Protein chains: 2
Amino acid sequence: MVGRPAVPEVIWARPERAGRGPKPAFSRADIAAAAVRIADAEGLDALSMRKVAAELGCGTMSLYNYVPRKEDLHELMLDAVSAGYEYPDPSGDWRADLLALAHQARGMMHRHTWVPRLMSPVYGFSPNALRYLEYALSCLDGVDARFGEKMELIAMLNGVVTTYTANEIATAERSRSLPWSEEQEQAARTGYLISQIMTGKYPRMAAGFAEDPGPIDLDAVFDRALARVLDSFASA
Amino acid sequence: MVGRPAVPEVIWARPERAGRGPKPAFSRADIAAAAVRIADAEGLDALSMRKVAAELGCGTMSLYNYVPRKEDLHELMLDAVSAGYEYPDPSGDWRADLLALAHQARGMMHRHTWVPRLMSPVYGFSPNALRYLEYALSCLDGVDARFGEKMELIAMLNGVVTTYTANEIATAERSRSLPWSEEQEQAARTGYLISQIMTGKYPRMAAGFAEDPGPIDLDAVFDRALARVLDSFASA
DNA sequence: GGTAGTTACGTACACCGTACGTAGTGCGGT
DNA sequence: ACCGCACTACGTACGGTGTACGTAACTACC
């Protein structure tokens, strides 16, 4: 009688529809879709309970019948975008299959640039997250390794994809968010960097930036990074 | 005359002390230390400009003379905790040196659990971040690789360390934030997980969780993950 | 048919980041 | 020496946030 979890329950544990009262006007999918629409259009910082409620056309506090905390809204959103994955039958080449999966993840994050920020702690246990994990495991069916090791590999892959894509997105947004003068800001930023390097305290960075490497092929870097992770697993 | 950057300047580019008026009452280090103290004690979500100002004993808006935006406060904080790194002379074994550096980073994040959340986008260009990069590069002095490749390795190491430690922290906090009944919550959480697995939709996860692997040695997992990244670089 | 549990939602609270205006302070130029 | 101005300090205020709480309407079960 003392307690009941009060709050920290997982949202997936509570049934979407309780049998008793009037039937809910929205489904979780509706709510998630509305939230995703807002976050896609205006960014994660502009996402508020009020805006989601307005998008749905209901009062702010009505939303709290479906989503007890904002954090749960985030879980719903992650699950919603994770519904878009395609899971072709594993080809037998687990390296290629996992690489393709990683590419899907990267593409998804580019479509929904707020995803990396919400993924920060850990990939949860929403239905679609479980599907994702199960599929990744199925790609590794032929591989002789313990369950724990496979999970480690998958976690590591997800981690690399997430941080890598987060970097891509951050860089892209940094240069987009300056309508007044992109060059000017870039100049100020790298100007400071140059001034620091000029102090001579960072000779290796100075030397590195001196040799012009030409344009960077981000796709290639991404593939190379993943290939390394996969190779290291194969050779273990 | 139209513009001036207005806001987006990097904080490190502006001088700490401007020559003209009365001398500032606080240094950036003071401010960063106060903010770090609050974030350590009460968590990142409890960190507000008002609290930092109160901790320093000045009016809220006075803070804005030193720190134009809250984001800049975050940069100051990251730089402050990065000041604690030790950079022993490279031993000649770059693998061991970088592993040691990674361990330092993990330790630092365990002391300041909010760091991974702020590191999300990219390791910036604060003075201590530059020192860190320069040292990591110096560890790779004997290695025959292009500058870009070395930077890729360092970025990847940082990424793995950050995501891995973020996971550790999230799990730890999840089980700490339940004074009412840790078992009960854990039961509810894994109870839901079990119920999902019982549906038979996730046979591989079911099988995996069925075989009890015993307690997991997180340190070993961490070392193994890093070793893989380093090995993959060595063999490339 | 009563009633208990749900849905809907308006109001209210505490808190946030920060724009803006004003007062005071001490350095630079004359 | 002194003036003027750039800087510091900070109170007030605005528009926003998440969400606790109370109330009214509704419906599925006993």
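Lettering of chains follows the sequences in order, A, B, ..., and the numbering in each one begins at 1. Given the structure is predicted, the values throughout are model-derived calculations rather than measurements.
Here dG16(D) presents its P atom at 9 Å from NZ of K51(A), a figure rounded to the nearest Å. Remark: C1' of dA19(C) and CZ of R69(B) are 15 Å apart, rounded to the nearest angstrom. When the C1' atom of dC7(D) is taken as reference, atom OH of Y66(B) falls 11 Å away, rounded to whole Å. Residue L44(A) contributes atom CG, which lies 13 Å from atom P of dT17(D) at whole-angstrom precision. Note: CZ (R14(B)) to P (dA6(D)) measures 16 Å, nearest angstrom. Rounded to an integer number of Å, the gap from E42(A) CD to dG16(D) P is 12 Å. When rounded to the nearest whole Å, the span between CG of L73(B) and C1' of dG17(C) equals 12 Å. What separates NZ of K23(A) from C1' of dC29(D) is a distance of 18 Å, to the nearest Å.
Counting non-hydrogen atoms under 4.0 angstrom, F26(A) reaches nothing in the nucleic acid. Using a 4.0 Å heavy-atom distance criterion, A25(B) is classed as a sugar-phosphate-only contact. Contacts of L47(A) with the nucleic acid, taken as non-hydrogen atoms under 4.0 Å apart, involve only primed sugar atoms and P, OP1 or OP2.
The aromatic rings of Y87(A) and Y135(A) are tilted relative to each other, their planes meeting at an angle between 30° and 60°. A perpendicular orientation is assigned to the rings of F147(A) and F209(B), their planes being inclined by more than 60° (bins at 30° and 60°).
Of the candidate nucleotides dC10(D), dG18(D), dC16(C), dC16(C) has the atom lying nearest to any side-chain atom of S48(B). The nucleotide whose nearest atom lies closest to any side-chain atom of N65(A) is, among dT8(D), dA8(C), dG5(C), dA8(C). Nearest to the side chain of K70(A), among dT18(C), dG18(D), dT8(D), sits dG18(D).
Looking at which nucleotide of DNA chain C each of M49(B) and E16(A) is closest to, the 5′-most match is held by E16(A). Residue-to-nucleotide proximity on DNA chain D shows that, of M61(A) and D45(A), the 5′-proximal contact is made by D45(A).
Between A136(B) and L101(B), the shortest heavy-atom distance links the atoms CB-CD2, 4.0 Å.
Side-chain atoms of R50(A) stay outside donor-acceptor range of the base of dG16(D), with no qualifying N/O pair under 3.5 Å.
When the side-chain nitrogen and oxygen atoms of S62(B) are compared with OP1 and OP2 of dA9(D), none of them lie within a distance under 4.0 Å.
Rounded to the nearest 0.5 angstrom, S82(A) OG and M119(A) CE are separated by 7.0 Å.
With salt bridges taken as basic N to acidic carboxylate O contacts below 4.0 Å, one links R69(B) and D72(B).
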